[in-house]
Amino acid sequence: MTSVIQTNNLNLSYGTKQALFEVNFPFAEKKVTALIGPSGCGKSTLLRCLNRMNDLIPTCKIGGEILFRDENILNADPVELRKHIGMVFQRPNPFPKSIYDNIAYGPRAHGEHDASTLDKIVETSLKGAALWDEVKDRLHDSALGLSGGQQQRLCIARTLAVSPEIILMDEPCSALDPIATSKIETLITDLKKNYTVIIVTHNMQQAARVSDTTGFMYIGKLVEVNDTKKIFSNPAEELTERYVTGRFG
Ligand SMILES: Nc1ncnc2c1ncn2[C@@H]1O[C@H](COP(=O)(O)OP(=O)(O)OP(=O)(O)O)[C@@H](O)[C@H]1O
């Protein structure tokens with residue numbers, strides 16, 4: 001397996017509370033990896049480390065390393081890093097701007113101002129997020145007029161617009177209805193042709209449906225990372241088995 005990003009002995013504390021302990025996690029390239037585990041086990045914390053979102057929390061201290069293409073991202077420029085590693089959040093959070101301007105925002109911030117190039121990026125990104133057909137006739141309408149599921153696909157398109165290699169998703173379907181959820185799940189499966197996707201989910205059926213690899217976390221520790229099929233049918237650790245069979249959590 002080729003890992004595109006890998007944590008080595010990653011430890012993280014919020015003030016005096018340690019939230020991650022010696023996490024060694026290789027994330028496979030152009031695959032979908034799911035992070036599962038009971039509430040508070042550190043899934044979102046681990047995800048946020050991967051594009052330095054925890055830097056925004058003043059009490060947060062990180063030790064160990066996170067290698068992205070062999071460079072320790074803990075020493076990298078976070079703004080530059082986020083061009084390569086994008087993030088989609090639990091609640092869709094479009095800017096109060098037009099659909100077009102939401103997508104063009106990132107490329108413009110990185111210095112792209114050519115109108116025809118921006119038009120192409122907007123079209124390609126919306127197609128990549130399976131939203132183009134639904135919005136191509138109203139690109140200049142407000143993004144806030146879209147449904148929740150469309151807004152979440154818009155946020156995915158906004159992430160694609162800066163051509164990342166890795167897309168982090170923190171419970172991207174938890175605010176969506178079953179139909180919108182199913183569209184996002186199909187999209188996640190399509191995205192892995194071109195991107196590495198890492199998703200935090202509370203929904204074990206969702207992890208089983210969309211991911212190739214699953215990591216099970218418990219109280220800040222990575223208990224087991226393995227093929228998703230193995231995690232759900234024949235995990236190596238008894239704790240994993242108790243969790244995936246619903247005996248706690
Ligand atoms: N900003 C913060 N300041 C202090 N403690 C935090 C902060 N964020 C998370 N924690 C703590 O770190 C631990 C891990 O939290 P985290 O949100 O990563 O877990 P999680 O597995 O994603 O949980 P959930 O499934 O409920 O979202 C928890 O004990 C949480 O209370």
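Whatever order the structure lists them in is the order used to number ligands and atoms, beginning at 1.
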Who's touching ligand 1 if we go heavy atoms under 4.0 Å?
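Correct list: Y14, K17, A19, P38, S39, G40, C41, G42, K43, S44, T45, R48, I57, H202.
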What residues, two or more places apart in sequence or in another chain, satisfy salt bridge (charged side-chain N to carboxylate O under 4.0 Å, His left out) together with E29?
R69
Mind checking what makes salt bridge (charged side-chain N to carboxylate O under 4.0 Å, His left out) contact with E134, not counting sequence neighbours?
R153
Looking only at non-hydrogen atoms, find the nearest pair between V23 and T7 and report the distance.
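Distance-wise, the nearest heavy atoms are O-OG1, 2.8 Å.
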Between K83 and E80, does any NZ, NE, NH1 or NH2 come within less than 4.0 Å of an OD or OE carboxylate oxygen?
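Salt bridge between E80 and K83, a charged N being under 4.0 Å from a carboxylate O: yes.
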Look at D212 together with K192 and state whether they make a salt bridge at an N to O cut-off of under 4.0 Å.
yes
So which pairs with a foot in residues 136-145 pass side-chain hydrogen bond (donor to acceptor under 3.5 Å, both in side chains), sequence neighbours left out?
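Residue pairs passing side-chain hydrogen bond (donor to acceptor under 3.5 Å, both in side chains), neighbours aside: none found.
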